[in-house]
Number of protein chains: 2
Amino acid sequence: MRDRRAERREATLAEIVDAAWTLVRREGLAALSMRDLARLVGMQAPSLYSYFDSKHAIYDAMFAQGARAYLDEEALVVPTGDPLADLQAGARFFVEFCVKDPARYQLMLQRTIPGFEPSPATFALSIEGLNRLEARLTGMGITDHRSLDLLTAVGTGITDQQISNDPGGDRWISLVDEAMEMFFHHVTKTNKTKQHTRTKRCA
Amino acid sequence: MRDRRAERREATLAEIVDAAWTLVRREGLAALSMRDLARLVGMQAPSLYSYFDSKHAIYDAMFAQGARAYLDEEALVVPTGDPLADLQAGARFFVEFCVKDPARYQLMLQRTIPGFEPSPATFALSIEGLNRLEARLTGMGITDHRSLDLLTAVGTGITDQQISNDPGGDRWISLVDEAMEMFFHHVTKTNKTKQHTRTKRCA
DNA sequence: GTCTATATTTGGATAGAC
DNA sequence: GTCTATCCAAATATAGAC
């Protein structure tokens, strides 16, 4: 039998988290306050503590929601078998996912809230995202960790510059495909070097 | 004749800014408070207002000091004439400059202080840094803005990942030389493509 | 220039009635 | 579960004496 009370509670929890996102997108991630949040959902501030133990607990719920959204949307990017094209599609997805919600990016990847870190359960969700990226690369024959680190650096670098220096524009987004071409040629060339075939390419 | 009063004032201004750096490095950039700062220099909080109009004015002085430090230290990186080696040396300098003081990096490049932006005079100093980078690239024959944007993305991406995910280590720092090799080969190859010589390389 | 005292705002969080 | 009332802490900034 349906538990109507539990359903109601879940709905209110979700409503509070949604309102929190609305606030931080409007005012900045650090500007979230329990009073403002309560007002936005039609409560008094103390009532929020019936749903969340603290403000950090709300940040944690937001983080978890963001991580789930990433996993859900990432799953829609299906590989074609063309390594470079797949790399580009994956990078475009990542950068666009981050850029379209800078507050979420700040919460999940930049960690600027003093004293906040995600709970173990929530953090596990974000680790899963990195694992999937690693799996995609492995599918392309890229297996060394240095290449993975280089790729994440390029991805976050483009994202950061886009958000910081051209918000709303596409100055760095438009470089994603080119950047992935650069990265792909680099890692494939390096592999061939290791197999001692690079200098034989033109032979 | 020396103005001993002005000298004394300058010394106190510098002392306050230095103490502010000490605080933000210890507690985080956003945690700077006038009370703590005053205590560290042996004053009461209101006395600081004889030297700075507001907390933002202190941030501005810190920003300006950071920008001057960058310009001074950047000037010590002298080109050798070898484009790739110079690119690598410049990138190593940039990443190390940022990584060795994350609070400064956050103030100058990430802009996470709500409501703070540098004054026009201070901002001009940071623009000068970008101009010098552009000049260095021009000296290597790299003149298009897309390449400059790609380079800044790679540089800040490596820096961000290093600070966020391996503080105190060198997991991403150790990728700088390789990343610059990747970038350099990409931009030189692209140039050759534009000159329609790429497909003739093996002929 | 520095101090004491204080205004003012803002925030997270709790107690206890209903 | 929600409210009112309140606590407690921290912060920026100002007024005015010395």
Side-chain angles (χ1 to χ4, degrees), chain A residues 3-24 26-63 103 107 112-119, chain B residues 3-24 26-63 103 107 112-119:
Chain A
D3 184 341
R4 302 185 70 87
R5 188 169 302 180
E7 283 173 9
R8 175 65 192 229
R9 185 177 175 81
E10 284 301 314
T12 305
L13 284 167
E15 194 185 346
I16 291 169
V17 173
D18 287 348
W21 279 119
T22 300
L23 270 184
V24 300
R26 188 196 300 159
E27 306 287 341
L29 185 63
L32 178 65
S33 88
M34 300 298 270
R35 284 169 154 83
D36 292 348
L37 178 56
R39 191 157 46 83
L40 194 57
V41 296
M43 290 179 179
Q44 295 297 319
S47 303
L48 292 174
Y49 289 87
S50 298
Y51 297 95
F52 293 96
D53 285 342
S54 66
K55 193 166 84 157
H56 277 9
I58 295 177
Y59 278 129
D60 193 65
M62 295 165 75
F63 192 117
L107 174 64
T112 59
I113 303 296
F116 168 70
E117 59 179 27
S119 63
Chain B
D3 183 341
R4 301 186 69 87
R5 188 168 303 180
E7 283 172 10
R8 175 66 192 229
R9 184 176 177 82
E10 285 302 315
T12 305
L13 284 168
E15 194 185 345
I16 291 169
V17 172
D18 287 348
W21 279 119
T22 300
L23 270 183
V24 299
R26 187 195 302 159
E27 307 286 341
L29 184 64
L32 178 66
S33 87
M34 300 298 269
R35 288 162 188 241
D36 292 347
L37 178 56
R39 191 157 46 84
L40 194 58
V41 295
M43 291 180 180
Q44 295 297 318
S47 303
L48 292 174
Y49 290 86
S50 298
Y51 296 94
F52 293 97
D53 286 341
S54 66
K55 194 166 83 157
H56 278 8
I58 294 176
Y59 278 128
D60 194 67
M62 294 165 78
F63 192 117
L107 174 65
T112 61
I113 303 297
F116 168 70
E117 59 179 27
S119 63

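Any value given below was found using the heavy atoms of this structure, including those in side chains, with hydrogens, waters and symmetry copies removed. Just so it is clear, the structure is predicted and the values come from calculations on it, not from any experiment. Throughout, a chain's letter reflects where its sequence line sits, starting with A, and its residues are numbered from 1.
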message = What verdict does the side chain to side chain contact (heavy atoms under 4.5 Å, CB included) test give for A:Met62 and A:Val24, after you've listed the backbone C-alpha separation in whole Å, the side-chain angles of each residue and the deciding distance to 0.1 Å?
response = CA-CA 11 Å; A:Met62 295 165 75; A:Val24 300; 3.8 Å; yes

request  = For A:Gln44 and for A:Arg35, locate the closest nucleotide of DNA chain D by heavy-atom distance; then report the residue assigned to the nucleotide nearer the 5' terminus.
outcome  =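 The residue mapped nearer the 5' terminus is A:Gln44.
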
message = If you only use heavy atoms from C-beta on, which nucleotide in C:dG1, D:dA13, D:dA11 is closest to the side chain of B:Arg9?
response =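 Per side-chain heavy atoms of B:Arg9, the pick is C:dG1.
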
task = Select one nucleotide: of D:dC3, D:dT14, C:dT2, the one nearest the side-chain heavy atoms of A:Met43.
result =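 From the listed options, D:dC3 comes nearest.
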
Length of the line joining [X]:[atom1] and [N]:[atom2], which is rounded to integer Å:
X       : N      : atom1 : atom2 : answer
A:Asp36 : C:dG11 : CG    : C1'   : 10 Å
A:Asp53 : D:dG1  : CG    : P     : 13 Å
B:Met34 : C:dA7  : CE    : C1'   : 16 Å
B:Leu37 : D:dA13 : CG    : P     : 12 Å
A:Tyr49 : C:dA13 : OH    : P     : 4 Å

task = Would you mind classifying the nucleic acid contact of B:Ile58 as base, sugar-phosphate or nothing, using non-hydrogen atoms under 4.0 angstrom?
result =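 Touches nothing.
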
inquiry  = By the 4.0 Å heavy-atom rule, please label B:Ser50 as base, sugar-phosphate, or nothing.
reply    =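 It contacts base atoms.
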
Establish, with yes or no, whether the OP1 or OP2 oxygen of [N] is under 4.0 angstrom from a side-chain nitrogen or oxygen of [X].
X       : N     : result
B:Arg8  : C:dG1 : no
A:Tyr51 : D:dT2 : yes
B:Arg5  : C:dG1 : no
B:Ser47 : C:dG1 : no

task = Please figure out whether A:Leu32 or B:Pro46 has its closest DNA chain C nucleotide nearer the 5' end.
result =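 Residue closer to the 5' terminus by nearest nucleotide: B:Pro46.
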
key: Worked verdict on B:Leu37 versus B:Lys55 for side chain to side chain contact (heavy atoms under 4.5 Å, CB included)   = CA-CA 10 Å; B:Leu37 178 56; B:Lys55 194 166 83 157; over 6 Å; no

Exceeds 12 heavy-atom contacts within 6.0 angstrom, atom CG of A:Asp18 =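 Check passes, neighbour count above 12.
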
query = Would A:Leu13 and A:Phe52 count as a side chain to side chain contact (heavy atoms under 4.5 Å, CB included) if you check the C-alpha gap in whole Å, the side-chain angles of each, and the deciding distance to 0.1 Å?
reply = CA-CA 8 Å; A:Leu13 284 167; A:Phe52 293 96; 3.7 Å; yes

inquiry  = With a 3.5 Å distance limit and no angle check, can you tell me whether B:Tyr59 reaches the backbone of B:Leu107 through a side-chain donor-acceptor pair?
reply    =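 The answer is no, because no donor-acceptor pair under 3.5 Å joins these two groups.
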
